[in-house]
Amino acid sequence: MKRFAIQLLKFAIPFVLLFSLFLSDFPVLNYEILNSELEEKIISLKIDTSRLNIIIAGDSRAERQLMPAIFNTNTGLSTINIATTGCDLVTVVSAIKKKYADSAKLCFIISASSWQVNDGAIDHGYLSLNCFQKLSKIGKFILYKKYLSELLGMQVQLFKEFVHSVVGNRNCLRIDSNAYPELGFIGIEGRFKVQDKSSLNTLLSNHSWYKNNSNSGFRWAIFQNSLKELEKINAPCIIYQPPVSSYWKSNTENSFIDIAEMDYSRKVTMEIQKYKNIVFFDFYSNDIRELDDSMYYDYQHLNRQGAEIFSGFLAKKFMESYECR
């Protein structure tokens, strides 16, 4: 009986994969899937459409590193933070189009880290459903050729989200501004501990952001299309590559990680020059002197103290960039 079950499973797998391919052509493609935490923040954090607003968005290095209160104080503009862990530029642009149709009174500051264009960064949480649904069939199989079960899982998850959207059940989203006492900012205390060389090398070689680095493939093309869509929104936008600790930089200098980050900086700098409403700040290549290692809770994320300094610095850069508005 056990042998029969194994044979049946082997026989069924190709059909399951073919079915997952069929799902990629399902009408779900006409409904851009956002993650529920992002939608919850957008619903909960209201904006005053009669005045100019700053909306902070992107991944964890905006969620935990940019404080709306600092921006409000330094710019005089109402500011909220809708960034969430693992939220890529692709999803942010879809959210802006879907949730902020009238962008006349909006400015956006978006954290976009290098993993967002790496075809190898497909560990859980590093390839959004929104980005996944924009991949071609070929693209999906190339990215997941060694992980077909994960491919099927993503297809099933995509289909489930589509069903939720059709029946009106978006994972029981709450609408509660009190859930975000700091207007969406989530500060982290503490500082990182220096690791021994062996542990650090293990971390570097297995880091989810840099696995099988491929920064000029499918995800880069999708990233480029997102910039084009952002231009059409025609709202002032700052996209930034976040800073990292000097400890991290000193231990990755001239490594494949450093090369990947520098390549990302170069590519995004060149690409964004095409768009008048988008400015790019590269804080990986251009260190902020005030941020020392004591201001990071891990090698790549600022703690609350660092977030306060970084927020003030970026608020000043914002005012310099858009002083004419």
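Computed from heavy atoms alone, side chains included, the values below leave out hydrogens, waters and symmetry copies.
In this pair, Trp115 and Trp209 present their aromatic rings tilted. The plane angle is within the 30 to 60° band. Using the six-membered ring where Trp is involved, Trp220 and Phe223 have ring planes that are parallel, under 30° apart on the 30 and 60° scheme.
Residue pairs meeting the salt bridge (Lys or Arg N to Asp or Glu O under 4.0 Å) criterion with at least one partner in residues 179-195, sequence neighbours excluded, are Glu182-Arg304, Glu189-Arg304.
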Exercise for review: Take Tyr180 and Ile80, measure what side chain to side chain contact (heavy atoms under 4.5 Å, CB included) needs, and give me the verdict at the end.
Suggested key: CA-CA 10 Å; Tyr180 302 103; Ile80 62 172; over 6 Å; no
Check your understanding: Would Leu127 and Arg219 count as a side chain to side chain contact (heavy atoms under 4.5 Å, CB included) if you check the C-alpha gap in whole Å, the side-chain angles of each, and the deciding distance to 0.1 Å?
Key -> CA-CA 9 Å; Leu127 180 61; Arg219 296 190 70 176; 3.6 Å; yes
Exercise for review: Show the numbers, then the answer: is there a side chain to side chain contact (heavy atoms under 4.5 Å, CB included) between Tyr100 and Ile82?
Suggested key: CA-CA 12 Å; Tyr100 299 113; Ile82 63 168; 4.0 Å; yes
Practice item. Step by step, work out the side chain to side chain contact (heavy atoms under 4.5 Å, CB included) result for Ser208 and His124. Key: CA-CA 9 Å; Ser208 298; His124 179 70; over 6 Å; no
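Through direct or indirect side-chain contacts shorter than 4.5 Å among Ile, Leu, Val, Met, Phe, Trp and Tyr, Met67 is connected to Ile70, Phe185.
With hydrogens and angles ignored, the 3.5 Å screen pairs a side-chain donor or acceptor of Lys41 with a backbone N or O of Asn81. One N or O on the side chain of Asn213 and one on the backbone of Tyr210 form a donor-acceptor pair closer than 3.5 Å. Between the side chain of Asn201 and the main chain of Leu203, no donor-acceptor pair closer than 3.5 Å is present. When atom types are taken as modelled, the side chain of Ser136 and the backbone of Gly139 share a donor-acceptor pair closer than 3.5 angstrom. Of the possible donor and acceptor atoms, one in the side chain of Asp292 sits under 3.5 Å from a partner among the backbone N and O of Ser294. Not one N or O on the side chain of Asp123 forms a donor-acceptor pair closer than 3.5 Å with the backbone of Ala121. Listed for the Asn53 side chain is a donor-acceptor partner under 3.5 Å among the backbone atoms of Asp48. Side-chain N or O atoms of Asp59 include one that pairs as donor or acceptor with a backbone N or O of Ser113 at under 3.5 Å.
Using a 4.5 Å heavy-atom threshold, the side chains of Asn35 and Cys87 count as touching. No side-chain heavy atom of Leu152 sits under 4.5 Å from any side-chain heavy atom of Met154. Side-chain atoms of Arg266 and Ser285, non-hydrogen and from C-beta on, never get closer than 4.5 Å to each other. In this structure, Ile309 and Met295 have side chains that are in contact, with non-hydrogen atoms separated by less than 4.5 Å. By the 4.5 Å heavy-atom criterion applied to side chains, Ser94 and Leu34 are counted as neighbours. Put simply, the side chain of Ile238 does not reach to within 4.5 Å of the side chain of Phe280, judged on heavy atoms. For the pair Asp287/Pro243, no side-chain contact is recorded, criterion being any heavy-atom separation below 4.5 Å from C-beta on. Counting heavy atoms from C-beta outward, Ile259 and Asn254 have side chains that stay 4.5 Å or more apart.
Within 6.0 Å of the OH atom in Tyr147, the count of heavy atoms belonging to other residues, nucleotides or ligands does not exceed 12. For Glu308, the CD atom counts as loosely surrounded, since its 6.0 Å shell holds 12 or fewer non-hydrogen atoms of other residues, nucleotides or ligands.
A donor-acceptor contact closer than 3.5 angstrom is absent between the side chains of Lys316 and Thr75. With no hydrogens or angles considered, a side-chain donor-acceptor pair links Ser199 and Asp196 at under 3.5 Å. For Ser128 and Asn130, the side-chain atoms include no donor-acceptor pair closer than 3.5 Å. Residues Gln241 and Ser265 bring a donor and an acceptor atom of their side chains to less than 3.5 Å of each other. Counting only N and O atoms by type, the side chains of Ser114 and Glu261 include a donor and acceptor under 3.5 Å apart. Looking only at atom types and distance, the side chain of Gln116 has no donor-acceptor partner in the side chain of Tyr264 under 3.5 Å away. With hydrogens and angles left out, the side-chain atoms of Gln65 and Ser311 include no donor and acceptor closer than 3.5 Å. Side-chain atoms of Thr85 and Arg64 form a donor-acceptor pair, as typed in the model, at a separation below 3.5 Å. A side-chain donor from one of Thr91 and Asp88 sits under 3.5 Å from a side-chain acceptor of the other. The closest side-chain donor-acceptor pair between Thr79 and Asn72, if any, does not fall under 3.5 angstrom.
Linking Ile, Leu, Val, Met, Phe, Trp and Tyr whenever their side-chain heavy atoms come within less than 4.5 Å puts Phe141 and Ile222 in one cluster. Hydrophobic clustering (side-chain heavy atoms under 4.5 Å, transitive across Ile, Leu, Val, Met, Phe, Trp, Tyr) keeps Tyr297 apart from Leu291. Linking ILVMFWY side-chain heavy atoms closer than 4.5 Å, directly or via other members, places Val90 and Leu129 in a single hydrophobic cluster. Follow the hydrophobic side-chain contacts under 4.5 Å out from Ile186 and you never reach Ile109; the two are in separate clusters. Tracing side-chain contacts under 4.5 Å through hydrophobic residues (I, L, V, M, F, W, Y), one reaches Phe132 starting from Ile138; they form part of the same cluster.
Every residue meeting the side chain to side chain contact (heavy atoms under 4.5 Å, CB included) condition with Asn251, not counting sequence neighbours, appears here in chain and number order: Lys197, Leu200, Tyr247. Applying the side chain to side chain contact (heavy atoms under 4.5 Å, CB included) criterion to Ser246, with sequence neighbours excluded, gives Asp293. Residues satisfying the side chain to side chain donor-acceptor pair (under 3.5 Å) test with Lys99, not counting sequence neighbours, are Glu39. Not a single side chain to side chain contact (heavy atoms under 4.5 Å, CB included) links Asn212 to another residue, sequence neighbours left out.
With values rounded to the nearest 0.5 angstrom, Ile122 atom CD1 is found 5.5 Å from Leu143 atom CG.
Ring centers of Tyr240 and Phe310: under 6.0 Å apart, within the cut-off. Annotation: Tyr296 is not in aromatic contact with Phe192 [ring centroid separation under 6.0 Å not met]. Checked against the 6.0 Å centroid criterion, the rings of Trp248 and His301 do not qualify as a close aromatic pair.
Of all heavy-atom pairs between Cys237 and Ile239, the closest is SG-CG1, 3.9 Å. When all heavy atoms are compared, the tightest approach of Ser321 to Val279 is OG-CG1, 4.5 Å. The nearest pair of heavy atoms linking Ser111 to Pro242 is OG-CG, 3.4 Å. Scanning both residues, Ile42 and Ala95, for their nearest heavy atoms gives CD1-CB, 4.0 Å. When every heavy atom of Asn277 is checked against every heavy atom of Glu231, the shortest pair comes out as OD1-CA, 3.6 Å. Shortest non-hydrogen contact noted between Phe218 and Ile142 is CZ-CD1, 3.7 Å.
Contact check on Glu229 versus Lys232 returns a salt bridge, with a Lys/Arg side-chain nitrogen under 4.0 Å from an Asp/Glu carboxylate oxygen. Ionic pairing of Glu32 and Lys134 is present here: one or more N-O contacts between side-chain nitrogen and carboxylate oxygen are shorter than 4.0 angstrom.
By the 6.0 Å and 45° rule, Lys249 stacks over the aromatic ring of Tyr284.
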